[in-house]
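Structure first, then comments.
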Amino acid sequence: MIDLGLDINVVRAIGLVFVVIGIGLWAYYARRSKKDSG
Amino acid sequence: MDPLSEFINNLVSNLGIGTMNFVGAIVFILATIVFIMELAGYRPFLSRPYIRKHTTKWDAMALVTVAICAALFGGGLALTAGIVFVPGIAYLRPAQALTTVFGILFGLPGAMGSAVGNFIGDIFAGTLTLGSVAGFIGNFMSAYVPYRIVYTPGKADINTWQDVVRYLLAVVAGGFVIAFYIPWWLAVLSIIPAEVAWIGVFGNIWLNGLITPWILGLILMKLLYPFTRQWNMYWADHEQIEFEDDPELKKAEAAASA
């Protein structure tokens, strides 16, 4: 088993960063895709 | 022991580890074949011709969709890590609802994003083992099965009771596949003892695969479906496939004939 040994709060903070990146990407491409379709 | 754990314990005891292994083996083999076929560009059907080419193209937008789904699911798993559901037995994974939603909204890229997202979640949660291989394909299937069942826009908008029932059954089918897929792999490779795999892990995956997608997933579907259509990110819009039951198409036809 590969365990990075991260504290649970660090894991949650990294998770939050990923969620923000995901929402940001989604919002960016949603805007672009809407524009492309006219 | 709480009633839920007792129910699963009784179920597995009555069926026996042998039966669970047998069902698990069948589910594992079929699901792995489907996964490989989909990667190769082919899709199995229940009617003739039984194998057809699918319409998903792995273009830039599909890869972006994989990245979005992976970031949201992996991040969601890490963000909600360690919520105890049944002490000593089960952890609650609210993010599990996302796999069903991503599968239905984004199709194959959504399913692949769910698989990659689970891998990311395993890395940060410190649970990256050989079992993560089954986690990868299992989570792909937990998105893929609902996608195949709630396949058309007329079904995915969940506007009627039939749509709700179909969605709930699709979740059961997806949960069934992942709940048998992962424990079988863990038991066969002796990563954990078979009893622990079929009582602890099976119950945990089964409950998470049902409860959160049933409640949270249904809410997310109702919220996100209209926007996904509006943003041209729904899988059938992206793959330019038209369905007769598409409410948007019917609206456009009515407007054109008026």
Side-chain angles (χ1 to χ4, degrees), chain A, chain B residues 59-84 91 93-95 98 102 105-106 109-110 113-114 116-117 119-132 186 191-192 224 226-234 237-238 240:
Chain A
M1 186 158 88
I2 299 168
D3 187 354
L4 299 179
L6 299 173
D7 179 73
I8 186 76
N9 290 321
V10 177
V11 172
R12 286 178 180 159
I14 295 169
L16 184 63
V17 172
F18 268 77
V19 170
V20 171
I21 291 171
I23 293 172
L25 260 179
W26 195 343
Y28 175 75
Y29 279 95
R31 233 182 114 187
R32 227 182 72 157
S33 168
K34 206 171 148 188
K35 232 184 253 176
D36 287 348
S37 67
Chain B
D59 55 12
M61 196 58 214
L63 296 181
V64 167
T65 306
V66 173
I68 291 170
C69 296
L72 287 174
F73 183 46
L77 286 174
L79 187 61
T80 56
I83 301 176
V84 176
Y91 284 95
R93 283 164 55 108
L98 293 174
F102 289 160
L105 293 182
F106 302 128
S114 302
V116 177
F119 206 74
I120 293 171
D122 275 354
I123 293 172
F124 292 124
T127 51
L128 190 68
T129 63
L130 206 53
S132 302
L186 295 176
I191 296 169
I192 52 173
L224 293 175
F227 291 107
T228 313
R229 292 302 307 265
Q230 207 179 316
W231 296 333
N232 269 322
M233 293 179 89
Y234 181 61
D237 293 337
H238 179 62
Q240 295 174 331

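Every heavy atom of this structure was used, including side-chain atoms; hydrogens, water molecules and symmetry mates were not. This structure is a prediction, so every number in the text was calculated from the model and none was measured. Here is how names work: the chains are called A, B, and so on, in the same order as the sequence lines, proteins then strands, and each is numbered from 1.
Between Leu25(A) atom CG and Leu72(B) atom CG the span is 8.5 Å, to the nearest 0.5 Å. Atoms CE and OH, from Met61(B) and Tyr29(A) in turn, are 7.5 Å apart once rounded to the nearest 0.5 Å.
Only the side chain of Ile120(B) comes within less than 4.5 Å of a heavy atom of chain A; its backbone N, CA, C and O stay farther away.
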Given side-chain contact (heavy atoms from CB on, under 4.5 Å), test Trp231(B) with Arg31(A) step by step and report yes or no.
CA-CA 7 Å; Trp231(B) 296 333; Arg31(A) 233 182 114 187; over 6 Å; no

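Not one N or O on the side chain of Arg12(A) forms a donor-acceptor pair closer than 3.5 Å with the backbone of Ala78(B).
Residues Trp26(A) and Thr65(B) have side chains not in contact (no heavy-atom distance under 4.5 Å, counting atoms from C-beta outward).
The candidate with the highest count of non-hydrogen atom pairs below 4.5 Å against chain B, out of Val10(A), Ile8(A), Leu6(A), is Ile8(A).
Taking the centre of each ring, Phe18(A) and Phe124(B) come in below the 6.0 Å mark.
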